[in-house]
Amino acid sequence: MKKFSLLLLVSLLVFCGCANLKIYDKVINNLAEVRYNLYSGKTENINVTLMSGKREKNYVVNGYCTDSVDFGVITFKVKSDITMPKEVNFVLTVGTTRYDGILEQNPFDGSYVYDLRNIIYSEEVITAKIIAGEFVESVELTSVTNNFNVNWDNALKIACKELNDSLQTFIENDEFKGECYVKLICDEDILGTYYWYVNFVSRFGKSYSVIIDPITNEIMAKKNI
């Protein structure tokens with residue numbers, strides 16, 4: 001009897017592992033957005049982040065995953081008491097590679113952004129400079145994600161395991177009818193603290209998400225809609 005119980009327990013564990021892996025294998029082919037890495041730097045006057053990864057070319061949260069493109073978004077947040085001209089430029093150097101252009105202002109938070117349309121991953125020196133009339137300031141960016149114990153793929157696997165039962169409802173005829181977003185979100189109360197946010201959206205109006213601590217791999221919050 002003990003031998004039978006042990007075999008049953010092992011079988012259940014193997015089955016659960018396979019079920020979780022099956023969900024992950026389906027989700028990995030339905031990533032609408034995944035943020036691979038993050039660099040940041042700040043001075044007294046500016047706070048700069050550089051985020052890159054892949055996302056849908058036609059970015060619509062609707063449960064359908066379409067063709068993806070590379071992105072690399074640089075964001076400058078400027079001290080509120082600094083007067084900015086209409087045209088604000090930037091220069092980004094990654095080792096010996098240079099990117100430059102005109103920044104667009106985000107209407108929601110007033111920050112200045114630009115999509116490099118490239119995945120930026122480098123161990124070389126990365127420097128970001130903002131040029132706004134007489135106001136010119138630069139800062140060296142360092143990797144935030146290199147200090148994580150949990151990368152985006154680990155976070156996705158943790159989320160798939162945690163939401164395995166709920167995500168079964170996304171499957172019809174062995175097809176995963178939904179899309180997934182793996183993002184990095186900043187803790188508004190603790191500057192420089194980030195969490196993985198993994199969100200699954202079905203074609204039928206359902207949405208499930210988890211927030212994961214990238215250091216401890218603890219699930220900080222879970223939400224079902």
Side-chain angles (χ1 to χ4, degrees), residues 33-55 59 69-155 181-199 211-218 220-221:
E33 180 177 358
V34 55
R35 301 181 180 183
Y36 295 145
N37 51 47
L38 171 68
Y39 301 87
S40 71
K42 63 178 180 178
T43 68
E44 182 181 345
N45 295 314
I46 60 173
N47 193 326
V48 185
T49 58
L50 173 61
M51 182 96 64
S52 63
K54 283 184 173 291
R55 64 184 174 197
Y59 197 89
V69 293
D70 296 345
F71 75 89
V73 175
I74 187 165
T75 304
F76 292 83
K77 291 185 178 180
V78 182
K79 197 174 179 181
S80 59
D81 61 358
I82 296 176
T83 301
M84 302 293 283
K86 287 185 177 180
E87 184 173 302
V88 180
N89 294 270
F90 82 96
V91 174
L92 176 72
T93 55
V94 182
T96 57
T97 304
R98 173 189 168 108
Y99 303 87
D100 59 74
I102 300 173
L103 295 163
E104 294 184 10
Q105 189 168 24
N106 185 325
F108 299 104
D109 64 6
S111 62
Y112 293 88
V113 300
Y114 187 91
D115 187 353
L116 306 165
R117 303 182 186 279
N118 241 323
I119 295 175
I120 306 297
Y121 180 76
S122 176
E123 294 184 358
E124 296 184 280
V125 175
I126 300 177
T127 304
K129 178 190 289 186
I130 188 168
I131 306 163
E134 295 183 357
F135 176 70
V136 178
E137 192 139 352
S138 62
V139 61
E140 184 175 323
L141 306 183
T142 58
S143 175
V144 173
T145 41
N146 275 356
N147 298 321
F148 287 178
N149 295 322
V150 179
N151 64 19
W152 72 268
D153 192 48
N154 299 143
Y181 299 79
V182 185
K183 302 181 180 182
L184 276 167
I185 58 173
C186 182
D187 189 326
E188 295 181 358
D189 296 323
I190 308 174
L191 186 64
T193 300
Y194 293 87
Y195 299 100
W196 288 113
Y197 172 75
V198 186
N199 180 218
I211 294 176
I212 301 166
D213 188 310
I215 306 300
T216 66
N217 83 12
E218 179 184 358
M220 308 298 293

(message) Using every non-hydrogen atom in the two residues, find where Ser40 and Val144 come nearest and quote the distance to one decimal.
(response) OG-CG2, 3.4 Å
(request) Report the C-alpha distance between Tyr36 and Tyr121 in whole Å, list the side-chain angles of each, state the deciding distance to 0.1 Å, and finish with yes or no for side-chain contact (heavy atoms from CB on, under 4.5 Å). (result) CA-CA 9 Å; Tyr36 295 145; Tyr121 180 76; over 6 Å; no
(message) Using a 3.5 Å distance criterion without hydrogens, assess whether the side chain of Trp196 forms a donor-acceptor pair with backbone atoms of Val150.
(response) yes
(message) Between Val48 and Leu141, is the side-chain contact (heavy atoms from CB on, under 4.5 Å) condition met? List the steps.
(response) CA-CA 8 Å; Val48 185; Leu141 306 183; 3.9 Å; yes
(message) For the CD1 atom of Ile185 and the CE atom of Met220, what is their distance to the nearest 0.5 Å?
(response) 10.0 Å
(request) Could you check whether the rings of Tyr181 and Tyr59 sit parallel, tilted or perpendicular, using 30° and 60° as the cut-offs? (result) perpendicular
(request) Step by step, work out the side-chain contact (heavy atoms from CB on, under 4.5 Å) result for Asn47 and Val78. (result) CA-CA 7 Å; Asn47 193 326; Val78 182; over 6 Å; no
(request) Determine whether more than 12 heavy atoms belonging to other residues, nucleotides or ligands lie under 6.0 Å from atom CD of Glu104. (result) no
(message) As an exercise, state the distance from OG1 of Thr49 to CG of Leu38, rounded to the nearest 0.5 Å.
(response) 6.0 Å
(request) Check Met51 against Leu184 and note the closest heavy-atom contact, atom names and distance. (result) SD-CD1, 4.0 Å
(message) What I'd like to find out is whether the side chain of Tyr195 reaches to under 4.5 Å of the side chain of Pro214, using heavy atoms alone.
(response) yes
(request) Measure from the side-chain N and O atoms of Asn149 to the backbone N and O of Ile215, and report whether any donor-acceptor pair falls under 3.5 Å. (result) yes
(message) As an exercise, state the distance from CG of Asn199 to NZ of Lys183, rounded to the nearest 0.5 Å.
(response) 7.0 Å
(request) With the side chain counted from C-beta on, respond yes when Phe71 and Ile120 share a heavy-atom pair under 4.5 Å apart, and no when they do not. (result) no
(request) Using a 4.5 Å cut-off on heavy atoms from C-beta on, say whether the side chain of Val113 contacts that of Leu103. (result) no
(message) Between Asn37 and Ser52, is there a side-chain donor-acceptor contact under 3.5 Å, judged purely by atom types and distance?
(response) yes
Show which side-chain atoms of residues 130-139 pair as donor or acceptor with protein atoms under 3.5 Å away, not counting sequence neighbours.
| residue | atom | partner | partner atom | Å |
| --- | --- | --- | --- | --- |
| Glu137 | OE1 | Asn45 | ND2 | 3.0 |
| Glu137 | OE2 | Thr43 | OG1 | 2.8 |

(message) With rounding to the nearest 0.5 angstrom, report the CG to CD1 distance, Leu92 to Ile126.
(response) 7.0 Å
(message) Do Tyr194 and Asp187 have side chains that approach each other closer than 4.5 Å (heavy atoms only, starting at C-beta)?
(response) no
(request) Enter the distance from Arg35:CZ to Tyr197:OH here, rounded to the nearest 0.5 Å. (result) 10.5 Å
(request) Given side-chain contact (heavy atoms from CB on, under 4.5 Å), test Ile46 with Lys77 step by step and report yes or no. (result) CA-CA 6 Å; Ile46 60 173; Lys77 291 185 178 180; over 6 Å; no
(request) Could you tell me whether a side-chain N or O of Glu218 sits under 3.5 Å from a main-chain N or O of Asp213, the two making a donor and an acceptor? (result) no
(request) Verify, without hydrogens or angle tests, whether Asn146 (side chain) and Ser143 (backbone) share a donor-acceptor contact under 3.5 angstrom. (result) no
(request) For residues Ile74 and Ala128, report the shortest heavy-atom separation together with the two atoms involved. (result) CD1-CB, 3.8 Å
(message) For the backbone of Gly72 and the side chain of Asp115, can you confirm whether one donor and one acceptor N or O come within less than 3.5 Å of each other?
(response) yes
(request) Drop me the distance from Tyr39's OH to Glu140's CD, to the nearest 0.5 angstrom. (result) 12.0 Å
(request) Please collect all ring-ring contact (aromatic ring centres under 6.0 Å, His included) contacts where either partner lies in residues 77-120, sequence neighbours excluded, each pair once. (result) Phe90-Tyr114
(request) Using a cut-off of 6.0 Å, state whether more than 12 heavy atoms not belonging to Lys54 lie near its atom NZ. (result) yes
(message) On a heavy-atom basis, which atom in Ala155 and which in Ile212 lie closest, and how many Å separate them?
(response) O-CD1, 3.3 Å
